[in-house]
Amino acid sequence: MTETSRVLVVGAGASGLAAARALHDGGHRVIVLEARDRVGGRIHTAFDLGEHPVEMGAEFVQGEHVCTWPLLERYGLSAIDLAPFINMRAYVDGKLLDQAAFLTSPNAMLALKTDQSAIAWINGGGEDMTVEEASRRWEGFFEGDPTADQLKLWANTQSVLHCGDIDELGIGGLVEAGYEGDGFNRTFRVVEGYSTLMSALADGLDVRGSTPVRRIEWGREGVVAVCDSQRFAADCAVITLPLAILQAGDVSFAPELPADKREAIAGIGAGPAAKAILRFDRPRWPDDLTFITTTFDTQLWWTPGRGRPQPAPVVTALMGGGGVRRMREHDDPALVALEHLEAMLGEKLRSHLVEARWIDWGADAWSKMGYSFLPPGGTGLRARLAEPVDDVLFFAGEATNPMRPATVHGALESGAVAAGRINAISRASVGS
């Protein structure tokens with residue numbers, strides 16, 4: 001059986017829902033095809049770990065002026081501004097430094113200096129190369145001779161920010177993703193949980209869950225999405241599949257995509273991301289703890305209850321790139337994360353652990369990645385990936401957003417852009 005609509009949206013993550021909502025509100029008949037039995041994609045909130053939601057996937061609203069805010073307002077949702085609560089600690093050279101000690105320690109600001117140095121280097125005509133190689137050419141980048149742990153702390157920061165390691169990340173990609181206009185404060189949390197926003201976006205849409213697309217047949221006359229037991233036909237489709245799914249060929253295209261599109265898909269990095277989430281009988285860390293950046297493969301820790309009236313006794317560790325791959329080598333990565341927390345706090349915690357969860361988005365069948373990054377020479381590939389094909393296939397997702405990749409708002413924005421292109425074509429055809 002074949003169902004028909006004006007537009008198919010493949011994927012019900014942030015970009016797919018944003019596209020479908022804009023198209024639906026614009027009067028189009030839209031069907032959203034989603035492989036999972038839920039909406040949200042790499043956004044997934046747990047509501048059973050405490051008195052408040054805990055994010056299994058994407059965590060933060062990253063900016064004061066991003067496109068997420070009008071959506072929160074539209075659906076009556078709110079956010080916590082974490083800026084007044086932020087207290088950054090660092091575990092380096094075998095010591096847990098408080099915020100003052102960390103920020104005044106040698107090479108503490110390498111993450112900020114990386115972005116500044118990359119901009120200066122590229123704007124000065126410097127060659128695009130890996131962050132690791134460039135750091136050796138940037139005069140004065142390091143303060144003295146950094147210790148191995150200081151270098152590891154910096155490398156971990158890059159991995160967790162970009163899902164790629166310093167020997168993979170291109171400095172040109174760091175410059176291209178400028179996040180211009182997002183605002184200085186990049187740390188807010190959705191009070192009701194990110195999944196609540198995704199559910200609100202999906203409300204009233206025709207979302208077909210547990211319906212993975214296996215093949216997309218397309219031509220100037222339209223598009224057909226072939227699923228396990230059904231076919232869906234439309235005038236056009238918005239493809240919002242994670243980049244790694246496209247790279248793996250899990251969804252085939254007939255005919256195959258144009259060469260420049262295939263090159264863009266292959267050329268962008270799709271890095272792994274994972275979380276370890278630990279719940280205890282009560283908080284076992286300082287009340288004012290917000291973030292810990294570490295030299296462990298659990299690269300960045302935080303307390304998801306910070307700023308809430310009744311913070312749950314839960315901590316989260318996020319890791320990207322090589323940190324994820326190394327953690328996978330252990331039989332139980334979540335318990336390894338517990339060992340890292342014990343080392344940092346100097347206290348045995350196993351007897352106080354209530355629950356441990358390991359969420360590996362890079363190993364997830366429907367994502368196969370955390371978020372995207374650009375290797376050297378990759379600038380411009382995101383824009384190429386976002387370009388429509390014959391006004392039939394449109395592409396969206398964080399990997400297609402040159403300015404705001406690796407963010408929820410970047411994904412939302414890309415979906416809105418794809419919908420805007422379809423709406424513009426529809427208006428033009430009506431006018432002619």
Side-chain angles (χ1 to χ4, degrees), residues 1-13 15-24 26-37 39 41 205-268 270 365-369 381-382 384-397 399-400 411 414-415 417-426 428-429:
M1 183 177 74
T2 300
E3 284 195 56
T4 61
S5 65
R6 165 72 177 100
V7 186
L8 294 177
V9 174
V10 181
S15 59
L17 292 176
R21 172 52 60 194
L23 290 164
H24 175 274
H28 294 291
R29 164 80 169 124
V30 183
I31 295 177
V32 183
L33 304 175
E34 169 55 46
R36 304 180 195 272
D37 60 0
V39 299
L205 299 179
D206 187 355
V207 179
R208 310 296 178 92
S210 302
T211 308
V213 174
R214 306 301 184 184
R215 186 173 72 256
I216 295 174
E217 301 169 353
W218 64 279
R220 294 185 182 277
E221 69 282 358
V223 61
V224 174
V226 181
C227 303
D228 291 332
S229 59
Q230 197 170 2
R231 295 162 62 92
F232 297 86
D235 296 332
C236 60
V238 183
I239 311 301
T240 72
L241 296 166
L243 174 67
I245 298 296
L246 293 173
Q247 290 177 341
D250 291 354
V251 177
S252 63
F253 289 82
E256 68 178 359
L257 294 172
D260 62 337
K261 188 69 66 179
R262 300 198 308 271
E263 291 167 3
I265 290 169
I268 303 171
W366 305 121
S367 63
K368 295 188 174 179
M369 66 180 296
L381 291 179
R382 296 188 189 280
R384 286 169 58 185
L385 179 57
E387 281 298 308
V389 178
D390 289 344
D391 288 340
V392 172
L393 297 180
F394 297 79
F395 292 81
T400 71
S414 73
V417 168
R421 285 171 162 164
I422 293 172
N423 282 328
I425 292 169
S426 297
S429 63

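Counting only heavy atoms from C-beta outward, the side chains of D250 and W366 never approach each other to under 4.5 Å. Within the 4.5 Å cutoff, no side-chain heavy atoms of T211 are placed close to those of Q230. Two residues are said to be in side-chain contact when any heavy atoms from C-beta on lie closer than 4.5 Å; V30 and R21 fail this criterion. Using a 4.5 Å heavy-atom cutoff, the side chains of L393 and I216 are in contact. Inter-residue side-chain proximity for E3 and R208 is flagged as met; some heavy-atom pair is nearer than 4.5 Å.
Note: R214 CZ to C227 SG = 8.5 Å, rounded to the nearest 0.5 Å. In this structure, the separation between CZ on F253 and CG on L246 is 5.5 Å, given to the nearest 0.5 Å.
For S5 against V7, the heavy-atom pair with the smallest separation is OG-O, 3.1 Å. Shown here for I422 and R6, the closest heavy-atom pair between the two residues is CG2-NH2, 3.8 Å. Between S414 and G397 the shortest heavy-atom distance is OG-N, 2.7 Å. The minimum heavy-atom distance between A225 and L33, with the atom names listed, is CB-CD1, 3.7 Å. R421 and P388 make their closest contact through NH1-CD, 3.7 Å (heavy atoms, listed as atom of the first residue, atom of the second, distance). Taking each heavy atom of K368 and A248 in turn, the nearest pair found is NZ-CB, 3.9 Å.
In this structure, Q247 contributes its side chain and I268 its backbone to a donor-acceptor pair below 3.5 Å.
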Only distances under 3.5 Å count here; give the side-chain donor-acceptor pairs of residues 233-245 to other protein atoms, sequence neighbours excluded, each with its distance to 0.1 Å.
from: T240; atom 1: OG1; to: V10; atom 2: O; distance (Å): 2.6
from: T240; atom 1: OG1; to: G11; atom 2: O; distance (Å): 3.3

Cut-off 3.5 Å, no hydrogens considered: what does the side-chain donor-acceptor table look like for residues 255-266, sequence neighbours left out?
from: E256; atom 1: OE2; to: R262; atom 2: NH1; distance (Å): 3.3
from: K261; atom 1: NZ; to: R384; atom 2: O; distance (Å): 2.9
from: K261; atom 1: NZ; to: L385; atom 2: O; distance (Å): 2.9
from: K261; atom 1: NZ; to: E387; atom 2: O; distance (Å): 2.4
from: R262; atom 1: NH1; to: L257; atom 2: O; distance (Å): 2.4
from: E263; atom 1: OE1; to: R384; atom 2: NH2; distance (Å): 3.0

Is there a side-chain contact (heavy atoms from CB on, under 4.5 Å) between R29 and D206? Walk through the geometry before answering. CA-CA 9 Å; R29 164 80 169 124; D206 187 355; 2.9 Å; yes
Given the rule in the side-chain contact (heavy atoms from CB on, under 4.5 Å) test, do I425 and F394 qualify, once you have shown the distances and angles that lead to the verdict? CA-CA 12 Å; I425 292 169; F394 297 79; 3.6 Å; yes
